[in-house]
Amino acid sequence: MSHRICAAALIPSGFALEQFHRTDTGLEIVVRPTGKTSICPECGSSTSRVHSRYRRRLGDLPLAGRPVSVVLIARRFRCSTIPCQRRIFTERFEDGAVLPWARRTARLDLLVYHLGLALGGRPAARFAHRLMTPVSNDTLLRAVRRRGRPGFTPPHVIGIDDWAWRRNHRYGTIICDLELRQPIRLLPDREPATAQAWFMDQPQIAVVARDRGGAYALAAARALPDAAQVADRWHLMENASRAFLEAIRGSMRPIRAAIGATVINPALLSAAERLQYEGYVRREETATTIRRRRASGA
DNA sequence: TAAACGCGTTGGAGGAGGCG
DNA sequence: CGCCTCCTCCAACGCGTTTA
């Protein structure tokens with residue numbers, strides 16, 4: 001009885017529990033639909049004329065560390081609408097808990113989709129086995145593809161940069177919507193013409209954040225002459241950092257004079273400071289040796 | 001090492017026929 | 001008329017192999 005109460009709380013809405021038992025491979029929940037009628041997928045009319053019943057076996061979310069399969073006592077209905085081409089159909093479930101042809105419940109399919117999306121095929125398959133939801137790498141990738149790409153919202157503020165398909169071998173271009181904070185396109189290479197062609201299809205773009213190289217700047221200038229071009233945050237910081245270091249490096253003599261040169265006495269340093277100082281002395285000796293040998297033609 | 005591909009297997013969907 | 005069995009078709013799946 002306690003099993004019955006527990007399982008009844010876990011089955012999807014629209015189904016009634018028939019049986020619940022343990023098997024050699026996990027848990028098995030037998031359910032039947034509670035609705036009296038079903039909607040013909042062809043003409044949309046409702047019917048209560050049952051043609052036959054059969055059993056469908058569906059994978060479901062694991063329970064208490066055990067794989068769960070749902071045995072659904074599915075019905076086939078007759079469509080009696082005269083002009084309708086379909087005469088017999090398997091009942092559809094309105095809340096989408098079980099889709100036609102599905103071998104998993106919708107809630108398990110959602111888990112499979114997110115695993116595939118987050119980890120890829122094989123890593124997700126290994127993880128899924130540990131989650132007691134064994135699926136193949138192919139199925140995980142199919143689940144991701146089946147749901148297709150997310151909708152495309154024309155961007156207004158974008159960031160563009162190159163990225164490596166394989167480092168030092170092949171590079172592509174990544175474009176991000178900076179308002180949505182999401183990557184929106186991967187281009188196959190980093191050629192200006194490729195980026196320019198993509199820009200041409202997006203005349204609504206108002207701001208292009210890019211690197212310091214000339215390629216993307218040229219592509220944006222040609223395709224989007226009215227768009228503002230700005231250095232992206234990373235390259236801005238890189239520029240500022242480099243300019244600061246150059247300014248400091250060129251002014252070290254007056255800076256040392258201003259703060260007063262100090263002679264370091266190692267005996268007065270802490271252990272950590274002494275290690276740091278000794279490393280500095282070693283590097284200076286190495287650099288001096290290299291300069292001397294180079295000057296002598298080595 | 002992971003993704004893609006080809007292919008065989010499994011089982012869900014739809015229809016025909018038959019029985020009570 | 002309700003519902004069962006049986007059959008065919010094909011979507012979903014997993015496995016072995018190839019490709020990157």
Side-chain angles (χ1 to χ4, degrees), chain A residues 12 14-15 18 23-26 28-62 67-94 96-149 163-172 186-190:
Chain A
F15 297 92
E18 288 285 304
T23 65
D24 293 340
T25 54
E28 192 174 274
I29 302 173
V30 183
V31 300
R32 60 177 168 75
T34 52
K36 300 290 182 197
T37 61
S38 188
I39 305 292
C40 172
E42 197 77 24
C43 67
S45 60
S46 177
T47 177
S48 60
R49 295 182 58 201
V50 176
H51 167 273
S52 59
R53 290 181 172 80
Y54 69 102
R55 293 187 164 221
R56 283 176 68 179
R57 181 173 290 274
L58 302 148
D60 198 12
L61 295 173
V68 173
S69 55
V70 172
V71 177
L72 169 59
I73 302 173
R75 294 171 294 185
R76 281 192 276 252
F77 285 85
R78 290 185 190 279
C79 181
S80 44
T81 307
I82 299 299
C84 185
Q85 301 271 319
R86 184 70 65 83
R87 302 172 65 184
I88 296 155
F89 65 90
T90 298
E91 71 181 303
R92 267 54 173 173
F93 302 101
E94 285 179 31
V98 178
L99 295 174
W101 297 97
R103 299 197 186 182
R104 290 181 293 274
T105 57
R107 58 192 183 186
L108 177 58
D109 196 60
L110 187 65
L111 176 72
V112 168
Y113 163 72
H114 281 295
L115 278 176
L117 195 62
L119 301 176
R122 285 196 188 183
R126 286 195 293 269
F127 193 50
H129 275 78
R130 298 182 71 173
L131 291 177
M132 299 296 159
T133 53
V135 284
S136 73
N137 52 333
D138 289 289
T139 298
L140 283 147
L141 294 178
R142 273 190 283 250
V144 172
R145 288 195 199 98
R146 198 157 42 220
R147 290 177 187 245
R149 295 183 190 175
W163 67 285
W165 291 93
R166 192 177 163 202
R167 211 167 182 182
N168 298 324
H169 285 79
R170 186 178 158 218
Y171 288 85
L186 295 178
L187 304 181
D189 54 47
R190 54 179 176 182

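Since we're looking at a predicted model, the values are computed, not measured. Order of the sequence lines fixes the chain letters, A, B, ..., with proteins taken first and strands second; residue numbering starts at 1 for each chain.
Between Arg55(A) atom CZ and dT5(C) atom C1' there is a gap of 16 Å when expressed in whole angstrom units. Here dA11(C) presents its P atom at 17 Å from CG of Asp138(A), a figure rounded to the nearest Å. In this entry the distance linking CZ of Phe89(A) with P of dG15(B) reads 11 Å, nearest Å.
Residue contacts shown for Arg78(A) include a base, since a base heavy atom lies under 4.0 Å away. Across all strands, Arg76(A) comes closer than 4.0 Å to base atoms (heavy-atom distances). If you check every strand for non-hydrogen atoms under 4.0 Å, Arg122(A) touches a base. If you check every strand for non-hydrogen atoms under 4.0 Å, Arg103(A) touches a base. In this structure, Arg75(A) reaches neither bases nor backbone, as no heavy-atom distance under 4.0 Å exists between it and the strands shown.
A close approach under 4.0 Å does occur between a side-chain nitrogen or oxygen of Arg146(A) and OP1 or OP2 of dC13(C). For dG2(C), one of the phosphate oxygens OP1 or OP2 lies less than 4.0 angstrom from a side-chain nitrogen or oxygen of Arg49(A). Side-chain nitrogen and oxygen atoms of Ser52(A) include none within less than 4.0 Å of the OP1 or OP2 phosphate oxygen of dG2(C).
In this model, a side-chain donor or acceptor of Arg142(A) finds a partner on the base of dG14(C) within 3.5 Å.
Between Phe89(A) and Phe77(A), the two ring planes are parallel [angle under 30°; tilted spans 30° to 60°].
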